[in-house]
Number of protein chains: 2
Amino acid sequence: MTPEPYYQDEAVTIYLGDSMSILPTLSNIDGIVTDPPYSSGGAMRSDRTTATITKYVQTGTQRESHDFHGDNRDQRSFLVWCTMWLAACYNVSNPNAVLASFIDWRQLPTLSDAIQAGGWVWRGIAVWDKGFGRPMPGRFSGSSEYLLSGSKGAMTQTDEYPPGIFHSPTPKDRQHITQKPEAVMQWAMRIVKPGGMVLDPFMGSGTTVKMAKETGRRAIGIELDERFAEIAANRCAETFYIPPSETPEVEDQPSLFGLG
Amino acid sequence: MTPEPYYQDEAVTIYLGDSMSILPTLSNIDGIVTDPPYSSGGAMRSDRTTATITKYVQTGTQRESHDFHGDNRDQRSFLVWCTMWLAACYNVSNPNAVLASFIDWRQLPTLSDAIQAGGWVWRGIAVWDKGFGRPMPGRFSGSSEYLLSGSKGAMTQTDEYPPGIFHSPTPKDRQHITQKPEAVMQWAMRIVKPGGMVLDPFMGSGTTVKMAKETGRRAIGIELDERFAEIAANRCAETFYIPPSETPEVEDQPSLFGLG
DNA sequence: GCCGAGAATGAATCCATCC
DNA sequence: AGGATGGATTCATTCTCGG
């Protein structure tokens with residue numbers, strides 16, 4: 001019993017609902033590219049139990065009231081919860097499928113455990129350099145987020161050589177408080193074979209599915225909150241689908257070393 | 001019963017021997033800055049258990065670089081071993097001491113567990129960007145190593161704001177196959193308060209202790225292999241000690257974003 | 001001294017073979 | 001079966017050397 005799509009076009013299908021309910025109805029996925037709730041926000045447990053909106057709005061540029069679900073779990077339940085959705089994704093993926101999930105420094109080790117507990121082969125860490133972090137005296141500035149990768153058995157061989165570090169500031173106009181820049185998602189997407197089927201079980205405002213469509217891939221997005229599903233559907237509707245054979249080459253960023 | 005130093009000057013003391021034997025005789029440490037054996041080098045157990053020189057330097061004329069030991073533990077014993085030396089370091093450190101340890105992507109989660117199991121507060125991930133790594137088709141290039149940090153309780157407040165990402169190619173002339181560039185060690189060193197006592201339980205060719213001396217800090221280094229201890233002693237002897245009050249300011253690298 | 005061509009290098013990974 | 005060995009592979013950057 002396949003659920004009814006909230007939106008559908010020639011490349012993108014969006015489902016409104018809970019990932020754990022909808023995931024088992026899917027199949028034939030070539031890659032997971034996603035940005036789950038990090039459930040971080042403080043070293044102390046008391047920090048983590050405050051509402052998500054309070055934590056993020058303090059540091060964000062967007063002061064409007066945006067809330068999203070599932071971001072106040074403690075470390076242990078975060079591990080269990082991640083293992084569940086990662087295993088569910090594993091079950092609907094083709095052999096040699098790939099996985100790429102964003103995470104912050106605090107939950108990186110836990111997510112890497114969950115990746116392996118969910119059946120995936122642990123493949124590595126890529127770095128999104130945001131350029132600016134909140135400076136704290138005496139410690140390294142936290143100016144990065146991380147993209148953890150995995151695979152279902154051996155990796156699909158492609159001709160892509162994406163860089164291990166990607167430099168991009170956070171976007172100025174965001175419709176979701178953790179929204180990733182389109183260039184960053186396009187970079188993450190390069191791990192999925194051209195023309196493949198991408199799945200984002202925590203779609204948010206739909207940057208993943210939009211960039212999948214724009215780079216000649218197909219995508220399925222799942223989102224619990226109808227406000228974000230609507231935003232994502234609108235973004236996809238405005239995006240042209242470029243079939244794989246016509247997809248332009250992605251240019252790499254210049255190396256920092258080439259400049260000095 | 002304090003062991004006999006192998007080398008000593010106004011800023012640096014070097015002990016020849018096993019860290020786990022020598023550590024308990026020390027005290028009054030303000031910061032640990034080190035680069036332990038990663039026990040990495042491949043997904044296959046057979047890859048990990050081959051000689052260090054073979055797994056890391058397979059194609060090259062660098063074979064004249066010295067091999068080193070203790071780099072073939074499996075995941076479980078790597079965790080136990082790291083927890084042991086991290087706890088031993090914790091015990092000889094002053095309150096509010098800091099910890100900075102290099103690691104690669106594969107062992108990062110395990111080392112972060114060991115840091116916490118050893119008593120330290122988990123403080124974050126900084127990135128050493130080497131610029132390029134061996135490419136593998138279809139995956140993100142592994143062009144980084146990581147610097148994990150921790151503290152004994154609250155962190156010492158200093159006026160330093162070291163960047164979270166540091167760009168530097170691997171050094172040209174190495175006397176140890178995993179030798180870090182001096183600029184990278186100087187960056188890592190910024191987490192220790194000026195004038196403080198730095199400890200490196202896996203000294204190798206002595207870049208840590210040399211840069212501690214050069215930046216107005218004092219240091220203790222421990223090394224198992226006399227060939228490396230000798231190299232380190234020679235490097236320290238050639239280095240001028242600049243007392244803390246005369247230490248020049250370290251300039252930050254320009255941001256990549258300022259260039260584009 | 002400058003420039004270009006060609007060679008060398010990298011805390012790598014995978015797999016076929018051999019014991 | 002399982003561990004050890006060796007070869008093939010990938011490319012951005014640096015190094016070497018000749019013109």
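Residue numbers begin at 1 in each chain, while the letters A, B, ... track the order of the sequences. None of the values given here were measured: they were computed from a predicted structure.
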Measure from the ring centre of Phe132(B) to the centre of the six-membered ring in the base of dG10(C), then say whether that distance is under 5.5 Å and the planes meet at under 30°.
-> no
Hey, which of these two, Asp35(B) or Arg139(B), hits DNA chain C nearer its 5' end, going by closest nucleotide?
-> Asp35(B)
Is Arg227(B) salt-bridged to Asp225(B), going by a charged N under 4.0 Å from an acidic O?
-> yes
In whole angstroms, how far is the P atom of dT14(D) from the CZ atom of Arg174(B)?
-> 15 Å
Hey, is Arg139(B) close enough to Glu160(A) for a salt bridge, meaning N to O under 4.0 Å?
-> no
Using whole Å, report how far NE2 of His176(B) lies from P of dA11(C).
-> 13 Å
Between the side chains of Gln75(B) and Thr110(B), is a donor N or O closer than 3.5 angstrom to an acceptor N or O?
-> yes
Grab the CD-P distance between Glu145(B) and dA12(C) for me, whole Å please.
-> 9 Å
Could you check how far CD of Gln179(B) sits from C1' of dG10(C), rounded to whole Å?
-> 15 Å
Touch class at under 4.0 angstrom, heavy-atom based, for Tyr38(B) against every strand present = base
Dot-bracket, DNA chain C: Watson-Crick or G-U, under 3.5 angstrom, [ ] crossing, | other strand?
-> .|||||||||.||||||||
Mind calculating the distance between CE (Met136(B)) and C1' (dA11(C)) to the nearest angstrom?
-> 15 Å
Side chain of Arg123(A): nearest nucleotide among dT10(D), dA11(C), dT13(C)?
-> dT13(C)
Parallel, tilted or perpendicular: which describes the rings of His167(B) and His167(A), with under 30° parallel and over 60° perpendicular?
-> tilted
Using a strict cut-off of less than 4.0 Å between a Lys/Arg side-chain nitrogen and an Asp/Glu carboxylate oxygen, indicate whether Arg235(B) and Glu182(B) qualify as a salt bridge.
-> yes
Using a 4.0 Å heavy-atom cut-off across all strands, classify Pro36(B) as base, sugar-phosphate, or nothing.
-> base
Whole angstrom is fine here: how far is it from OH in Tyr161(A) over to P in dA12(C)?
-> 17 Å
Can you tell me the distance, in whole Å, between the CG atom of Asp159(A) and the P atom of dT10(D)?
-> 10 Å
Just call it for Trp105(B): base, sugar-phosphate, or nothing, with non-hydrogen atoms closer than 4.0 Å on any strand.
-> sugar-phosphate
When you measure from the side chain of Arg106(B), which nucleotide among dT13(C), dG10(C), dA11(C) comes out closest?
-> dT13(C)
Is the distance from OP1 or OP2 of dA11(C) to the nearest side-chain N or O of Arg134(B) less than 4.0 Å?
-> no
Exercise: identify the closest heavy-atom pair between Gly196(A) and Asp30(A) | CA-OD2, 3.3 Å
Establish, with yes or no, whether the OP1 or OP2 oxygen of dT13(D) is under 4.0 angstrom from a side-chain nitrogen or oxygen of Lys130(B).
-> no
Round to the nearest Å and state the distance from His69(B) atom NE2 to dA11(C) atom P.
-> 20 Å
Where the side chain of Phe68(B) is concerned, which of dC11(D), dA11(C), dC15(D) is the nearest nucleotide?
-> dA11(C)
Side-chain contact test, heavy atoms from C-beta onward, threshold under 4.5 Å: evaluate it for Trp187(A) versus Pro163(A) and give yes or no.
-> yes
When you compare dA8(D) with dA8(C), how far apart are their P atoms, in angstrom units rounded to a whole number?
-> 16 Å
Smallest heavy-atom separation, Ala97(A) atom then Trp120(A) atom, equals O-CZ3, 3.8 Å
